[in-house]
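Written out below as C-alpha cells is the structure these notes cover.
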Amino acid sequence: MASPSPVKALFLDIGGVMLESGWGHEKREKASEAFGFDIEEFNRRHHLTFGTYELGKIDLDTYLDRVLFYRERSFSREEFRDFMLRTRHYPDMIGLFRGLKKKYGLKIGAVSNEGRELTVYRAEEYGLGEFIDFFISSCFVHFRKPDEDMYRLALDAAQVPPGQVIYIDDRDLLVEVARNMGIRGIHHHEYGSTVRQLEEAGLYLP
C-alpha cells in the first residue's frame with residue numbers, strides 16, 4: 001500500500017479549536033445569567049435568525065434587534081456586544097499551529113461558521129491573521145458548513161489536493177463531510193489527542 005501524501009495544508013475550525021465557540025449555547029446561558037433575560041425566549045428567536053447572521057445576510061445590530069432589543073432592556077446594546085465579543089482563547093492550540101506553519105511551510109486556512117463582527121474581532125484580537133493565510137468564513141462566502149462548497153472554496157484557495165490537507169474541527173459531522181471529499185480529518189477533543197494525530201500524519205514539533 002502506498003504511503004499517504006505529505007501534508008501541505010491545514011484547514012482549521014476556529015470556535016472550539018483555537019478559541020471558545022463564538023456564540024454557542026454555553027455563552028448564551030452565561031449572557032442570560034449576566035444580563036437577566038429569559039433564555040428560552042431568547043433561544044427561540046436566536047434559532048430563527050442566527051443562521052442568517054452567520055451567512056452574512058444581516059449585521060450584528062440587526063441580529064440583536066431581532067433577538068433582544070425588540071423591546072426595552074435594562075442594559076445597553078454596547079454592553080451586550082462587548083460581552084458577546086469577549087472570548088477565551090487556547091494558547092496551546094494557537095501555538096501548535098503557528099509552530100507547524102513555521103516548521104513545515106504549511107498553507108493554513110480557517111474554515112468556520114461565524115458572523116462578520118465576531119470573525120473580524122477574534123482574528124484581530126488573537127493575531128490569527130499572522131499564521132492563517134485565508135479565511136473561508138460563512139459570513140464572507142454565504143455558505144455554511146456542512147455545505148461542501150465551504151471545503152471546495154478552501155481547496156481552491158490553497159491550491160492543494162484534498163489528500164494533502166488535514167481538516168480539524170471539534171464537531172464530528174463536519175469532519176466526516178471533509179473525509180468524504182478526500183480530505184484527511186481530525187475530530188478535535190483536546191490538545192494532546194490532536195497532537196498525536198498530527199504526529200501520525202508526519203507533523204511534529206519539538
Side-chain angles (χ1 to χ4, degrees), residues 11-91 93-94 110-126 128 135-151 153-154 167-178 185-191 194:
F11 294 168
L12 309 174
D13 189 28
I14 295 178
V17 176
M18 292 179 283
L19 310 174
E20 72 176 334
S21 295
W23 194 230
H25 69 276
E26 291 182 1
K27 189 76 177 283
R28 299 196 304 273
E29 290 279 356
K30 290 177 181 177
S32 172
E33 294 169 5
F35 292 96
F37 57 83
D38 182 342
I39 188 61
E40 291 186 5
E41 178 186 26
F42 178 90
N43 278 336
R44 282 196 297 272
R45 289 174 169 264
H46 165 85
H47 290 305
L48 287 171
T49 199
F50 190 65
T52 310
Y53 172 58
E54 279 196 331
L55 284 168
K57 302 297 183 68
I58 59 173
D59 62 14
L60 182 56
D61 281 333
T62 302
Y63 165 76
L64 291 177
D65 284 341
R66 292 180 180 180
V67 297
L68 268 181
F69 295 101
Y70 55 91
R71 64 179 179 83
E72 187 174 344
R73 299 290 180 181
S74 61
F75 49 90
S76 71
R77 180 187 302 270
E78 290 71 25
E79 289 174 307
F80 196 82
R81 281 178 60 112
D82 288 346
F83 183 93
M84 282 188 73
L85 293 174
R86 287 198 300 272
T87 306
R88 289 186 301 116
H89 69 296
Y90 307 134
M93 296 301 298
I94 291 175
V111 183
S112 66
N113 290 344
E114 200 160 67
R116 178 175 292 271
E117 290 84 353
L118 289 166
T119 298
V120 171
Y121 173 82
R122 284 147 66 92
E124 292 178 352
E125 181 71 11
Y126 297 106
L128 302 184
F135 289 78
I136 307 299
S137 183
S138 59
C139 61
F140 300 153
V141 301
H142 311 306
F143 298 110
R144 294 173 75 214
K145 297 180 293 186
D147 192 323
E148 291 184 356
D149 281 340
M150 290 282 284
Y151 306 88
L153 286 168
Y167 172 63
I168 302 175
D169 200 302
D170 65 315
R171 289 166 293 179
D172 56 354
L173 170 62
L174 303 184
V175 174
E176 290 169 13
V177 172
I186 293 177
H187 181 201
H188 173 71
H189 297 281
E190 47 84 29
Y191 175 81
T194 294

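In what follows, every heavy atom counts, from backbone to side chain, and hydrogens, waters and symmetry copies are set aside. Counting from 1, the numbers follow the sequence of the chain as shown.
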Please enumerate all residues that pass side chain to side chain donor-acceptor pair (under 3.5 Å) together with Lys27, with sequence neighbours excluded.
none

Can you measure from CD (Glu114) to CZ (Phe140) and round to the nearest 0.5 angstrom?
9.0 Å

Do Leu174 and Tyr167 come close enough that some side-chain heavy atom pair is under 4.5 Å?
yes

With Glu125, which residues qualify under side chain to side chain donor-acceptor pair (under 3.5 Å), at least two apart?
none

Please list, chain by chain and in numerical order, all residues satisfying side chain to side chain donor-acceptor pair (under 3.5 Å) with Glu190, sequence neighbours excluded.
Ser193

Partners meeting side chain to side chain contact (heavy atoms under 4.5 Å, CB included) with Ser21 (sequence neighbours left out):
none

The criterion is side chain to side chain donor-acceptor pair (under 3.5 Å); which residues satisfy it with Glu29, sequence neighbours excluded?
none

Using modelled atom types only, decide if a donor and an acceptor are shared between the side chain of Arg144 and the backbone of Ser138 within a distance under 3.5 Å.
no

Would you indicate whether the side-chain heavy atoms of Asn113 and Met150 approach each other to under 4.5 Å?
yes

One should read off an interatomic distance between Ile14 CD1 and Asp170 CG, to the nearest 0.5 angstrom, of 12.0 Å

Which residues share a ring-ring contact (aromatic ring centres under 6.0 Å, His included) with Phe11, sequence neighbours left out
none

Donor-acceptor contact below 3.5 Å, side chain Ser76 vs main chain Glu79
yes

I need the Ser112 OG to Met18 CE distance, nearest 0.5 Å.
8.0 Å

Measure up the Phe35 and Phe75 rings against each other and bin them: parallel (under 30°), tilted (30 to 60°), perpendicular (over 60°).
tilted

Sub-3.5 Å donor-acceptor pair from the side chain of Asp59 to the main-chain atoms of Thr62, do we have one?
yes

For Ile94 and Leu128, what are the C-alpha separation, side-chain angles and deciding distance, and is it a side chain to side chain contact (heavy atoms under 4.5 Å, CB included)?
CA-CA 8 Å; Ile94 291 175; Leu128 302 184; 4.3 Å; yes

Nearest 0.5 Å please: distance from the CZ atom of Arg28 over to the CZ atom of Phe83.
12.0 Å

Going by the salt bridge (charged side-chain N to carboxylate O under 4.0 Å, His left out) test, which pairs reach into residues 68-78, not counting sequence neighbours?
Asp61-Arg77, Asp65-Arg77

His188 to Val17 - nearest heavy-atom pair and separation
CD2-CA, 4.0 Å

Chi angles and distances behind the side chain to side chain contact (heavy atoms under 4.5 Å, CB included) call for Asp13, Arg171
CA-CA 9 Å; Asp13 189 28; Arg171 289 166 293 179; 3.7 Å; yes

With the side chain counted from C-beta on, respond yes when Tyr151 and Lys145 share a heavy-atom pair under 4.5 Å apart, and no when they do not.
yes

Do the non-hydrogen side-chain atoms of Arg66 and Ile58 ever get within less than 4.5 Å of each other?
yes

Report the residues that fulfil ring-ring contact (aromatic ring centres under 6.0 Å, His included) with His189, sequence neighbours left out, ordered by chain and then residue number.
His187

Please evaluate residues Glu20 and Tyr90 with respect to the criterion side chain to side chain contact (heavy atoms under 4.5 Å, CB included), reporting the C-alpha separation (whole Å), side-chain torsions for both, the decisive distance (0.1 Å), and the verdict.
CA-CA 8 Å; Glu20 72 176 334; Tyr90 307 134; 3.6 Å; yes

What residues, two or more places apart in sequence or in another chain, satisfy side chain to side chain contact (heavy atoms under 4.5 Å, CB included) together with Leu153?
Ile136, Val141, Phe143

Where is the tightest heavy-atom contact between Gly115 and Cys139, given as atom of each residue plus distance?
C-SG, 3.7 Å

Roughly how far apart are Arg81 CZ and Leu118 CG, rounded to 0.5 Å?
9.0 Å

Please round to the nearest 0.5 Å and tell me the distance separating atom OH of Tyr121 and atom OG1 of Thr119.
13.5 Å

For Asp82, enumerate each residue passing the side chain to side chain contact (heavy atoms under 4.5 Å, CB included) test, keeping only those at least two apart in sequence or located in another chain.
Arg86

If the condition is ring-ring contact (aromatic ring centres under 6.0 Å, His included), which residues does His142 pass it with, not counting sequence neighbours?
none

Restricting to ring-ring contact (aromatic ring centres under 6.0 Å, His included), what partner residues turn up for Phe42, sequence neighbours left out?
Phe37

Report the residue from Arg116, Glu117, His46 that forms a side chain to side chain donor-acceptor pair (under 3.5 Å) with Tyr53.
Glu117

